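These notes are about the structure you will find just below.
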Amino acid sequence: MKIAKDTAVTLRYRLTDPQTGRQLDADTIAYLHGGYGNLFPKAEAALEGLESGASVAVDLAVEDAFGPRDESLVRTIAKSDFPPGVKVGGQLRGTDDQGNPQQVYNVVKINGQQVLLDGNHALAGRALRFAAKVEEVRAATGEEISHRHIHGAHGHRH
């Protein structure tokens with residue numbers, strides 16, 4: 001089966017720095033193909049029409065990957081405002097005035113009683129090379145299409 005709109009695709013992928021070749025991330029992901037926002041659009045376009053066993057590599061400019069860094073998402077907040085056990089590398093989810101979850105912040109640094117948070121994705125502001133091998137392609141279920149993501153193995157579970 002070829003990758004096309006409304007197919008469930010499982011990839012083994014690797015993200016590297018296109019300048020140095022240094023690996024930044026690698027994993028297996030399953031996503032719903034066809035413009036559902038589950039994969040970088042430029043990478044999704046490169047995968048269109050491929051079958052299981054095929055490989056692809058595509059260079060992504062900053063705008064095609066996680067976007068530019070947004071310095072307004074970097075905040076310093078008093079350590080006393082956080083639950084016990086805050087550690088560098090941890091994550092905290094901010095909430096709005098109604099208590100609804102909003103931005104996820106990474107704990108970047110703890111300096112005395114101050115905690116530096118960054119709401120940017122760790123790879124924001126970086127160009128990337130996306131390389132992937134297609135592991136599986138199948139027709140998506142009606143439920144997966146209506147939910148706009150796949151369920152099961154490397155996908156989302158309810």
Side-chain angles (χ1 to χ4, degrees), residues 1-75 86-96 100-109 115-158:
M1 173 174 246
K2 292 184 186 242
I3 297 174
K5 184 164 178 60
D6 297 335
T7 54
V9 180
T10 303
L11 304 172
R12 184 175 312 275
Y13 75 89
R14 189 176 68 240
L15 294 176
T16 57
D17 181 309
Q19 301 296 323
T20 66
R22 192 178 116 232
Q23 182 172 299
L24 303 169
D25 188 29
D27 205 349
T28 300
I29 184 174
Y31 77 98
L32 179 61
H33 187 87
Y36 294 98
N38 297 313
L39 194 67
F40 304 119
K42 192 171 178 181
E44 191 174 52
L47 288 159
E48 183 79 22
L50 298 182
E51 297 178 289
S52 183
S55 294
V56 68
V58 61
D59 286 338
L60 303 172
V62 170
E63 296 76 19
D64 297 324
F66 292 101
R69 283 189 51 78
D70 179 352
E71 293 308 318
S72 72
L73 295 177
V74 177
R75 301 193 173 147
V86 173
K87 291 185 171 70
V88 172
Q91 291 185 327
L92 301 168
R93 182 176 296 273
T95 57
D96 63 17
N100 298 314
Q102 285 188 318
Q103 185 69 38
V104 173
Y105 289 91
N106 297 302
V107 180
V108 176
K109 184 177 183 181
V115 179
L116 178 64
L117 301 175
D118 190 344
N120 288 286
H121 186 281
L123 298 175
R126 297 184 75 154
L128 302 171
R129 176 165 292 135
F130 174 88
K133 181 176 181 190
V134 180
E135 299 286 318
E136 179 185 7
V137 183
R138 65 170 174 79
T141 67
E143 182 181 44
E144 289 170 330
I145 294 166
S146 71
H147 288 183
R148 303 180 60 84
H149 60 252
I150 70 164
H151 300 158
H154 295 284
H156 181 81
R157 296 199 172 134
H158 289 274

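Given the structure is predicted, the values throughout are model-derived calculations rather than measurements.
- Side-chain contact between L39 and L47 is present, with at least one heavy-atom pair separated by less than 4.5 Å.
- The side-chain contact (heavy atoms from CB on, under 4.5 Å) search around A122 returns none, not counting sequence neighbours.
- Heavy-atom minimum distance, A30 versus T10: CB-OG1, 3.8 Å.
- What you find for L60 and K42 is that their closest heavy atoms are CD2-CB, 3.7 Å.
- Contact of the Y31 side chain with the L11 side chain is registered, since non-hydrogen atoms from C-beta on lie closer than 4.5 Å.
- Here the CD-CD distance, from E136 to E51, works out to 13.5 Å after rounding to the nearest 0.5 Å.
- Of the inter-residue distances, the one linking T16 atom OG1 with R126 atom CZ reads 10.0 Å to the nearest 0.5 angstrom.
- Of the residues listed (D64, D59, D25), the one engaging R129 in a salt bridge (Lys or Arg N to Asp or Glu O under 4.0 Å) is D59, and it is the only one.
- The CG atom of N38 sits 11.0 Å away from the NE2 atom of H33 when rounded to the nearest 0.5 Å.
- The environment of CD in E71 is crowded: more than 12 heavy-atom neighbours from other residues, nucleotides or ligands sit within 6.0 Å.
- A donor-acceptor distance shorter than 3.5 angstrom exists from the side chain of H121 to the backbone of L123, with no hydrogens or angles considered.
- In this structure, CZ on R75 lies 8.5 Å from CG on L117, to the nearest 0.5 angstrom.
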- Step by step, would you call N120 with F66 a side chain to side chain contact (heavy atoms under 4.5 Å, CB included)? CA-CA 9 Å; N120 288 286; F66 292 101; over 6 Å; no
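- A heavy-atom distance below 4.5 Å is found between the side chains of D118 and R69.
- Of the inter-residue distances, the one linking T7 atom OG1 with I145 atom CD1 reads 9.0 Å to the nearest 0.5 angstrom.
- Closest approach of L73 to Y105, counting heavy atoms only: O-CE2, 3.4 Å.
- In plain terms, the two heavy atoms of P18 and A127 that are nearest each other are CD-O, 3.3 Å.
- Shortest non-hydrogen contact noted between T28 and R12 is OG1-NH1, 3.5 Å.
- Atom CZ of R14 sits about 12.5 Å away from atom NZ of K133, to the nearest 0.5 Å.
- Of all the heavy atoms in Q91 and N106, the pair that sits closest is NE2-OD1, 2.8 Å.
- At least one side-chain heavy atom of Y36 sits less than 4.5 Å from a side-chain heavy atom of K5.
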